[in-house]
K.L.:
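Quick one: the structure is below, and I'll ask about it shortly.
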Amino acid sequence: MEPESGIGSSTSPCQFSLVTLSRNLLLAYQSFGVVYGDLSTSPLYVYSSAFSGKLRNHHNQEAVYGAFSLIFWTLTFVPLIKYVIIVMSADDSGEGGTFALYSLLCRHAKLSLLPNQQAADEELSSYRYGPSSAQAASSSALRRFLEKHKRLRTALLLVVLFGACMLIGDGVLTSAISGKFSFFSAEPLCVLSSVSGIQSTESKLTNAELLLLACIILVGLFALQHCGTHRVAFMFAPIVIIWLLFIFSIGLYNIIYWNPKIVYALSPHYIVKFFRETGKDGWLSLGGILLSITGTEAMFADLGHFTALSIRLAFVFVIYPCLVVQYMGQAAFLSMNLDSFSNSFYASIPEPFFWPVFVVATLAAIVGSQAVITATFSIVKQCHALGCFPRVKVVHTSKHIYGQIYIPEINWILMVLTLAVTIGFQDTTLIGNAYGLACMTVMFITTFLMGLVIVFVWQRNFFLATFFLLFFWLIEGTYLSAALMKVPQGGWLPLALSVIFMLIMYIWHYGTRRKYNYDLHNKVSLKWVLGLGPSLGIVRVPGIGLIYSELTTGVPSIFSHFVTNLPAFHKVLVFVCVKSVPVPYVSPDERFLIGRVCPRPYRMYRCIVRYGYKDIQRDDGDFENLLVQSVAEFIQMEAVEPHYSSSETSPSVDGRMAVISTRDIRSSMTLTVTEQDFVSVVDDDSIHSGSSSKSITLQSLRSMYEDDTPSIRRRQVRFQLPPNPRMDPVVREELMDLIRAKEAGVAYIMGHSYVKARRNSSFIKKLAIDIGYSFLRKNCRGPSVALNIPHISLIEVGMIYYV
């Protein structure tokens, strides 16, 4: 996160620490409104949920003490020790979630199923994390075992996808619970629990009216998401902070007034007594106890929107003590009022404070779903960058924290699913059962991935990782087993949602992988290209042709399609590959890899543009200029360091790739850059946008465009070759060809591909490729849109892939 903070390296240590601390305190304040809404509203419904069902036969003081002891130690072990202390230390340069852990694993072991990884990727400054590979002897055998068996790597990917899909399903269920302003059940949750307090007074609204109100609230909640995480956080944070002050004060009052001896229940001895007395009924009640930690998984998944330190500060100093005191206060009240379990929270509020607490509880419960909605955006962005989700529009809502994003398509899909669950499941007990299962499954998978991170990334002792796994799996497995008993009573819902999302992710990943393999096995032979001669057997016209492909080596088959069907091609050809690497971000100094495909007279180059899964692919119109400057740098570098050149005697392989910095196109001495910034302005007499037009129709169209995008700032860049008598004439000629080609114009050539399964493929493969993958490709963003390619300069070549 630090490279995104805008803090320069020249800042003094004192200033740096002061700025960092103030920034983290501000983010900690914002995290209350996003991360902790769900976790902080758990006291509304935990005791009433736990003591419903078969535990109704055990409404006594010993059971209350045992339930509180369970809640206290669960809060201590899972959110505090596991997540805040251990798991957040495994953040991937400020990014969290199951895919961030998977990304770390893929960088330290060859677990990725995508074959487009290069050795040059491992030289990125952000690639390595933790100790050097020389210390990996203890984990080498396990790593080799996983790398050797493709089925195990596929199984690992499926586990990661399942965890990510469970979190998305969690977002649907959390929002449904938070928005349900109804009184359908005696065991309500979230907002339902907040408004259940009004049952103790009077309710004149019908169920249909309450359901309509719930839907309106949900639509409003999702409509706010486009404002961005920081604005939503500033709006919601005061609500959650006031709520935390209320529950802390009420809890402290109940401890002092009703039963100060409740502090003895901090001893784990009461947990043993609880299970000894309740037996199987106590084990089944864990499905209600685990609701005390729902929302914990969002702390790690939302990490990209904040920082690890800010989330830790908020939890350790505010969230944890407030929750412990509130649960202890409720237990103290229940131990002396054994007939108040059905509505324990509101019954424990002193009467003068009932209505203020009720209003704040309602608002806080609405905020509760924000944590998982925000986490879903991060998860989908990571899945997309690692080739496991269709292309979607990602809007970065903050200039300072690049992890703060908004995805319109996902937002509205979540809203539709949430409304469907809210309307379809009138009984909130069913939603609660599904909610608990989804949360605990995500935690269980995170523990498994964290165990692998301890071995492969942190390179700790194998037995330490085993102890971590067994200890937390024992806790989470016990809760998960109780939650699985609720599958017939609503627990099937997150499983169904996860299976649907996982099918989408895996089909996209499978189709992408098969398409890449087709390109890889159908590359054009360089001998065939060289046999055509420098003119390629056709007319070479002025200009630069950018041929987009997913290949990192070789000549794609789209090139032969173009050459054999069109009588002309551009004087300068650049094979461009835009790829994602399993790192959060790639420094501008390391973004471009430039190489030569054929000998110098052919004027054919390769450019690999590398992005991390947090990087912004900016639409600022500088790509062409950066590319030309990078190729010019490579030509000059090649003249000084000949080992970068492709071999004239061995033309079967590409030349070596060189890393070219793109931080500032004016910092190079190879070309002289003159540029002019201007804003497109519509005038009564002319259109000042680089050229004038006398057409009234064109002026009208341009005027409409400028009205829609009035603040777009464009740059005109011209390259010139500085006088240098010592420059090699061959190099000078090549650079002049590059400059003249840039002035003539740039064209973008892409394949318009249709992917189909082979005729002899199995039925399942045909179903996945011909129906599933084709449907996803037709209904997601086009590659030209995702890559910000100007439509007016785009040439598409139709191709059919039989995979």
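This structure is a prediction, so every number in the text was calculated from the model and none was measured.
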K.L.:
Supply the atom-to-atom distance Cys106 SG to Asp92 CG, rounded to the nearest 0.5 angstrom.
P.N.:
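So the SG of Cys106 and the CG of Asp92 are separated by 10.5 Å.
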K.L.:
Do you know which two heavy atoms are closest between Tyr611 and Val586, and how far apart they sit?
P.N.:
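Where Tyr611 meets Val586 most closely, the heavy atoms are C-CG2, 3.9 Å.
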K.L.:
Would you confirm whether Lys110, through its side chain, and Leu146, through its main-chain N or O, come within 3.5 Å as a donor-acceptor pair?
P.N.:
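It does not hold such a pair.
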K.L.:
Check whether any side-chain heavy atom of Leu437 lies under 4.5 Å from a side-chain heavy atom of Leu480, and answer yes or no.
P.N.:
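The answer is yes; the side chains approach within 4.5 Å.
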K.L.:
Would the distance check show the side chain of Asn517 and the main-chain N or O of Arg513 forming a donor-acceptor pair, the cut-off being under 3.5 Å?
P.N.:
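Looks like yes, one N/O pair under 3.5 Å.
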K.L.:
Indicate the ring-plane relationship of Phe99 and Tyr102, choosing parallel, tilted or perpendicular according to the 30° and 60° boundaries.
P.N.:
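It falls in the perpendicular class, over 60°.
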K.L.:
Within the distance-only criterion (no hydrogens, no angle test), does the side chain of Glu95 pair as donor or acceptor with the backbone N or O of Ala100 below 3.5 angstrom?
P.N.:
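A pair under 3.5 Å: no.
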K.L.:
Any idea which heavy atoms bring Val453 and Leu105 closest together, and the distance?
P.N.:
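Residues Val453 and Leu105, closest heavy atoms: N-CD2, 3.8 Å.
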K.L.:
Closer than 3.5 angstrom, by distance alone: can the side chain of Ser793 be matched with the main-chain N or O of Pro790 as a donor-acceptor pair?
P.N.:
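Not a single qualifying donor-acceptor pair exists.
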K.L.:
Relative to the ring of His752, is the ring of Tyr754 parallel (under 30°), tilted (30 to 60°) or perpendicular (over 60°)?
P.N.:
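Correct class here is perpendicular.
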K.L.:
Thr446 and Glu297: side-chain donor and acceptor closer than 3.5 Å?
P.N.:
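Absent: no donor and acceptor within the cut-off.
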K.L.:
What pair of heavy atoms forms the shortest contact from Leu290 to Ala483, and how long is it?
P.N.:
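In terms of heavy atoms, the two residues are closest at CD2-CB, 4.1 Å.
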K.L.:
Testing the basics here: between Thr552 and Tyr516, what is the closest heavy-atom pair and its distance to 0.1 Å?
P.N.:
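Of all heavy-atom pairs spanning Thr552 and Tyr516, the closest is OG1-OH, 3.9 Å.
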K.L.:
Does Lys756 have more than 12 heavy atoms from other residues, nucleotides or ligands lying within 6.0 Å of its NZ?
P.N.:
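No, not enclosed.
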K.L.:
Please tell me if the side chains of Val219 and Phe222 come closer than 4.5 Å, counting only heavy atoms from C-beta onward.
P.N.:
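When only atoms from C-beta onward are counted, Phe222 and Val219 do not touch, as no gap falls below 4.5 Å.
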K.L.:
Could you give the distance from CD (Glu476) to OG1 (Thr447), rounded to the nearest 0.5 Å?
P.N.:
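Between atom CD of Glu476 and atom OG1 of Thr447 there are 3.5 Å.
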K.L.:
Would you say that His509 contacts Leu157 through its side chain, given a criterion of any heavy-atom pair below 4.5 Å between the two side chains?
P.N.:
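Yes; the side chains approach each other to less than 4.5 Å.
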K.L.:
Start with the C-alpha distance between Phe444 and Phe448, add both sets of side-chain angles, then the distance that settles ring pair (Phe, Tyr, Trp, His ring centres under 6.0 Å), and finish with yes or no.
P.N.:
CA-CA 7 Å; Phe444 196 80; Phe448 168 68; 8.7 Å; no
K.L.:
First locate atom CZ of Phe300, then atom CG of Leu101, and finally report the distance between them rounded to the nearest 0.5 Å.
P.N.:
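Rounded to the nearest 0.5 Å, the CZ-CG separation comes out at 4.0 Å.
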K.L.:
Just wondering, do Cys215 and Ile423 contact through their side chains at under 4.5 Å, heavy atoms?
P.N.:
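With C-beta onward as the side chain, the pair touches.
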K.L.:
Specify the closest pair of heavy atoms between Val442 and Gly163, including all atoms of both residues, with the distance to one decimal.
P.N.:
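Looking at all heavy atoms of both residues, the shortest contact is CG2-O, 3.8 Å.
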K.L.:
Report yes if the side chains of Leu414 and Thr376 come closer than 4.5 Å at any heavy-atom pair, otherwise no.
P.N.:
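Yes. Closest side-chain heavy atoms under 4.5 Å.
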K.L.:
Which residues satisfy the side chain to side chain donor-acceptor pair (under 3.5 Å) test with Asp519, sequence neighbours excluded?
P.N.:
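So Asp519 forms a side chain to side chain donor-acceptor pair (under 3.5 Å) with Tyr801.
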K.L.:
Passes side-chain contact (heavy atoms from CB on, under 4.5 Å), Ile379 versus Phe389? Steps please.
P.N.:
CA-CA 10 Å; Ile379 289 291; Phe389 203 85; over 6 Å; no
K.L.:
Pair Tyr406, Phe377 - check ring pair (Phe, Tyr, Trp, His ring centres under 6.0 Å), show working.
P.N.:
CA-CA 6 Å; Tyr406 164 67; Phe377 295 153; 5.8 Å; yes
K.L.:
When rounded to the nearest 0.5 angstrom, what distance separates CG in Leu291 from CG in Asp38?
P.N.:
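Atom-to-atom, Leu291:CG and Asp38:CG are 9.5 Å apart.
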K.L.:
Salt bridge (Lys or Arg N to Asp or Glu O under 4.0 Å) with Lys381: which residues, sequence neighbours excluded?
P.N.:
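Per chain and number, Lys381 pairs via salt bridge (Lys or Arg N to Asp or Glu O under 4.0 Å) with no residue.
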K.L.:
Enter the distance from Leu161:CG to Met505:CE here, rounded to the nearest 0.5 Å.
P.N.:
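If we round to the nearest 0.5 Å, Leu161:CG and Met505:CE are 6.5 Å apart.
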K.L.:
Determine whether the side chains of Ser753 and Arg777 contain a donor N or O and an acceptor N or O closer than 3.5 Å.
P.N.:
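Side-chain D/A pair, Ser753 to Arg777: present.
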K.L.:
CD1 of Ile454 to CG of Leu449: how many Å apart, nearest 0.5 Å?
P.N.:
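If I round to the nearest 0.5 Å, the distance is 11.5 Å.
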K.L.:
Run the numbers on Val574 and Arg606 for side-chain contact (heavy atoms from CB on, under 4.5 Å), then give the verdict.
P.N.:
CA-CA 5 Å; Val574 183; Arg606 181 182 310 284; over 6 Å; no
K.L.:
Main chain of Ser580, side chain of Arg610: is a donor-acceptor contact present, judged purely on distance under 3.5 Å?
P.N.:
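Not at all, since once roles are kept as given, no pair shorter than 3.5 Å links the two residues.
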K.L.:
Please check this pair: side chain of Lys82 against backbone of Met443, looking for a donor-acceptor N/O pair closer than 3.5 Å.
P.N.:
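Yes; at least one donor-acceptor contact below 3.5 Å.
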K.L.:
Between Ser587 and Arg591, is the side-chain hydrogen bond (donor to acceptor under 3.5 Å, both in side chains) condition met? List the steps.
P.N.:
CA-CA 6 Å; Ser587 168; Arg591 190 170 309 285; over 6 Å; no
K.L.:
For Thr296 and Ile293, indicate whether the former's side chain and the latter's backbone hold a donor-acceptor pair under 3.5 Å.
P.N.:
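Between the backbone of Ile293 and the side chain of Thr296 there is a qualifying donor-acceptor contact (under 3.5 Å).
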K.L.:
For Lys765, is there an ion pair with Asp770 - N to carboxylate O distance below 4.0 angstrom?
P.N.:
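Salt bridge between Asp770 and Lys765, a charged N being under 4.0 Å from a carboxylate O: no.
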K.L.:
Is the backbone N or O of Gln404 less than 3.5 Å from a side-chain atom of Thr397, with the two atoms forming a donor-acceptor pair by type?
P.N.:
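Such a contact is found between Thr397 side chain and Gln404 backbone.
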K.L.:
Report yes if some heavy atom in the side chain of Met450 is under 4.5 Å from a heavy atom in the side chain of Ile86; otherwise report no.
P.N.:
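In contact.
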K.L.:
Do Trp508 and Tyr773 pass the ring pair (Phe, Tyr, Trp, His ring centres under 6.0 Å) test, and can you show the C-alpha distance, the side-chain angles, and the key distance before you say yes or no?
P.N.:
CA-CA 6 Å; Trp508 181 264; Tyr773 187 66; 5.3 Å; yes
K.L.:
Take Gln382 and Ser103, measure what side-chain hydrogen bond (donor to acceptor under 3.5 Å, both in side chains) needs, and give me the verdict at the end.
P.N.:
CA-CA 9 Å; Gln382 294 171 17; Ser103 173; over 6 Å; no
K.L.:
Check for a donor-acceptor pair, side chain of Arg781 on one end and backbone N or O of Arg391 on the other, with a separation under 3.5 Å.
P.N.:
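Judged by distance alone, no pair lies under 3.5 Å.
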K.L.:
With side-chain contact (heavy atoms from CB on, under 4.5 Å) as the criterion, how do Phe559 and Leu573 come out once you've worked through the C-alpha distance, each side chain's angles and the decisive distance to 0.1 Å?
P.N.:
CA-CA 10 Å; Phe559 176 75; Leu573 295 179; 3.7 Å; yes
K.L.:
Give me the atom names and distance for the closest heavy-atom approach of Leu787 to Met750.
P.N.:
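Scanning both residues completely, I find the closest heavy atoms to be CD1-CE, 4.1 Å.
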K.L.:
Are side-chain heavy atoms of Phe623 and Val609 found at a separation under 4.5 Å?
P.N.:
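In short, these two side chains touch, coming nearer than 4.5 Å.
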K.L.:
With no hydrogens and no angle check, is any side-chain donor or acceptor of Ser498 less than 3.5 Å from a backbone partner on Leu495?
P.N.:
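Not confirmed, Ser498 side chain does not pair with Leu495 backbone.
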K.L.:
Is there a side-chain contact between Leu156 and Leu452 (heavy atoms, below 4.5 Å)?
P.N.:
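Yes, at least one pair of side-chain atoms sits under 4.5 Å.
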K.L.:
Could you walk me through whether Val597 and Val555 pass the side-chain contact (heavy atoms from CB on, under 4.5 Å) test, one step at a time?
P.N.:
CA-CA 8 Å; Val597 177; Val555 177; 3.9 Å; yes
